[in-house]
Amino acid sequence: MAIKKKMCVNHPDRPAIGECVITARPICSECTTRYEGVNYSKEGLEILRRRRAAEARRSSGGERLAAALLALGSPLFLFLLYLFYLLSFEAVIDLLQLEWRDVFQGL
Amino acid sequence: MLPLYLAAMAPYSAAMLFVIDAISTQHRSALPFWSALLTLATLWRWLWLPAVQRRVQEDVRGEPTLPLGKHLAKILLIKAGASFAILWGGLIVIPAFYGFFLSAFAAPALLESGGGMFREVKRALLWIHHSARRFAGVSLALTVAFMAAGLGAFLLQLVMISTLLPSLLGLEAADLSLTLRSWSWFLCLAYLLFVLFDYYWTVASVMVFYDAQSRQLGSDLRLRLGTIQGREA
Ligand SMILES: [Zn+2]
C-alpha cells in the first residue's frame with residue numbers, strides 16, 4: 001500500500017502528523033493537542049468535553065435518584081427486616097420449647 | 001481489614017448476644033426491643049461492610065478505588081434489593097442465588113467502574129449468569145462447610161451434656177439434661193460460625209469478583225483473537 005502524504009485540514013501547506021481520534025481528520029503538529037495519550041483536534045476536544053459533561057450529569061442524576069429511592073424505601077425496608085427478625089426469633093423459641101429430651105431418648 | 005470488620009460487627013454482635021439471651025431464657029416480651037436494636041445494628045453493618053470490601057479491593061488493585069461516599073447510596077440500594085431477593089425468594093432457590101452474589105459484587109463493581117446503577121446491576125447479573133456453574137460450586141461448598149460446622153457444634157454440645165460432663169465432673173446426667181440454658185451456648189457457637197463465614201466471604205467475594213471479571217475479559221480476548229485469525233486465514 002502506497003503511503004499518501006496527508007495535509008492538515010486547517011493548514012493545507014503543512015503535512016499532518018496524525019488524525020484526531022474523534023473527528024478522524026488529519027492535523028499538523030500545531031493543531032494537535034495530546035490528551036490522555038492520544039491526539040485531538042480543537043473540534044475533537046470540544047466534542048470530548050461535551051460528552052464527558054453529559055456523562056457526569058447522567059451519573060450524578062443516577063446518584064441523586066439512588067439517594068432519593070434509598071431515603072424513601074429504607075423505612076419500609078428496615079421495618080420488613082425487623083418483622084423478619086422478630087418472627088424468626090419467635091419461631092426459634094417455639095422450636096426450643098419442644099421436648100428435646102424426649103426426642104433424643106426416642107432416637 | 002480485620003479492625004474495620006470488627007467495627008462493622010460490634011453493635012450487631014452485642015445485639016445478637018442479647019437476642020440469644022432472650023431466646024434461651026424465653027423472654028418473649030424482650031424480643032421486640034432487641035429485634036429493633038438488631039435491625040439498627042444491621043444498618044450499621046451494611047454501612048461498614050462496603051468499606052471492608054473496598055480495603056480488600058485496593059489491595060487487589062494495588063491502587064485506590066473510586067471514592068466510596070459518592071457511590072454508597074447506589075451500593076446500599078443494590079444490596080437492599082439483593083437481600084429482598086434472598087429473604088423473600090429463598091424458597092425458590094434462584095433469586096436467592098443471584099441475590100447472594102449480586103449483594104457481594106455491588107461494592108467492588110461500582111467502585112471499579114463508577115457506572116450507572118442499572119448498568120452495573122445488569123453487568124453483574126450477566127457475570128453471575130455466565131459463571132453460574134462455578135458460582136453454584138462455590139455456594140454449595142460454603143453451604144456444606146457451614147452446615148458441617150453447625151452439625152459439629154451441635155454434636156459437641158450433645159456429647160458434652162450427655163457423656164463428658166457427667167463422667168468428668170461426676171454430675172448426674174439427669175440434672176444436666178438439655179435445658180434451655182444450654183441452648184444459649186449452641187446459639188452463641190452458631191453465631192460465631194456465622195461471623196467467621198461472613199468475614200471470609202466478605203473478603204473472598206472481592207477476589208471472586210475480579211476472577212469473574214478477568215475470565216469475562218479473557219473470553220472476550222479469545223473471541224477477538226479468533227476473529228482476527230479467521231480473517232487472516
Ligand atoms: Zn494545522
Side-chain angles (χ1 to χ4, degrees), chain A residues 1-2 21-22 24 35-38 47-107, chain B residues 15-16 19-20 22-28 30-43 46 69-81 83-84 86-88 90 110 113-120 158 161-162 173-174 177-184 186-187 190:
Chain A
M1 199 170 84
V21 290
I22 302 253
Y35 177 60
E36 291 175 346
V38 281
I47 293 170
L48 180 77
R49 194 192 61 78
R50 260 185 257 138
R51 265 188 212 165
R52 291 269 166 96
E55 240 167 61
R57 263 201 307 281
R58 237 196 335 270
S59 106
S60 75
E63 276 143 29
R64 270 200 299 276
L65 180 72
L69 276 177
L70 202 64
L72 286 175
S74 53
L76 177 70
F77 181 81
L78 289 178
F79 179 68
L80 285 177
L81 189 66
Y82 167 75
L83 268 189
F84 176 80
Y85 279 146
L86 189 60
L87 294 178
S88 315
F89 298 147
E90 297 266 3
V92 172
I93 289 190
D94 289 340
L95 203 68
L96 296 192
Q97 273 179 333
L98 289 174
E99 284 298 322
W100 284 98
R101 210 192 311 176
D102 298 348
V103 174
F104 288 126
Q105 277 167 357
L107 288 178
Chain B
M16 198 50 127
V19 166
I20 288 174
I23 286 177
S24 53
T25 55
Q26 290 179 282
H27 274 140
R28 275 176 200 270
L31 277 184
F33 178 72
W34 294 123
S35 295
L37 219 64
L38 189 69
T39 307
L40 291 180
T42 307
L43 186 65
W46 274 30
K70 206 175 157 216
H71 300 281
L72 190 61
K74 288 188 277 186
I75 292 170
L76 287 179
L77 212 57
I78 295 175
K79 279 174 107 62
S83 61
F84 224 79
I86 294 173
L87 291 186
W88 301 102
L110 278 167
S113 65
M117 185 172 65
F118 294 109
R119 205 189 72 190
E120 289 307 319
L158 271 187
I161 285 163
S162 60
S177 57
L178 289 169
T179 59
L180 281 172
R181 256 299 175 198
S182 69
W183 282 111
S184 69
F186 174 65
L187 291 175

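Everything numeric here is computed off the predicted structure, so don't read it as measured data. Labels below follow one simple rule: chain letters A, B, ... track the order of the sequence lines, proteins then strands, and each chain is numbered from 1.
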- Go through the steps to decide whether B:His27 and A:Ile93 satisfy the test side chain to side chain contact (heavy atoms under 4.5 Å, CB included), and finish with yes or no. CA-CA 9 Å; B:His27 274 140; A:Ile93 289 190; over 6 Å; no
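- Taking the side chain to side chain donor-acceptor pair (under 3.5 Å) definition, one finds that A:Arg49 meets it with A:Glu46, sequence neighbours left out.
- For B:Thr42, the side chain to side chain donor-acceptor pair (under 3.5 Å) partners two or more places apart in sequence, or in a different chain, are A:Tyr85.
- Residue contact with chain B, scored on non-hydrogen atoms closer than 4.5 Å, involves the side chain of A:Phe77 exclusively.
- Rounded to the nearest 0.5 Å, atoms CG (B:Leu76) and OG (A:Ser74) are 9.0 Å apart.
- Using a 4.5 Å cut-off between heavy atoms, A:Tyr82 contacts chain B through both its backbone and its side chain.
- When each of B:Thr39, B:Leu38, B:Leu31 is checked for a side chain to side chain contact (heavy atoms under 4.5 Å, CB included) with A:Leu86, only B:Leu31 meets the rule.
- Residue A:Leu83: no heavy atom, backbone or side chain, is found under 4.5 Å from chain B.
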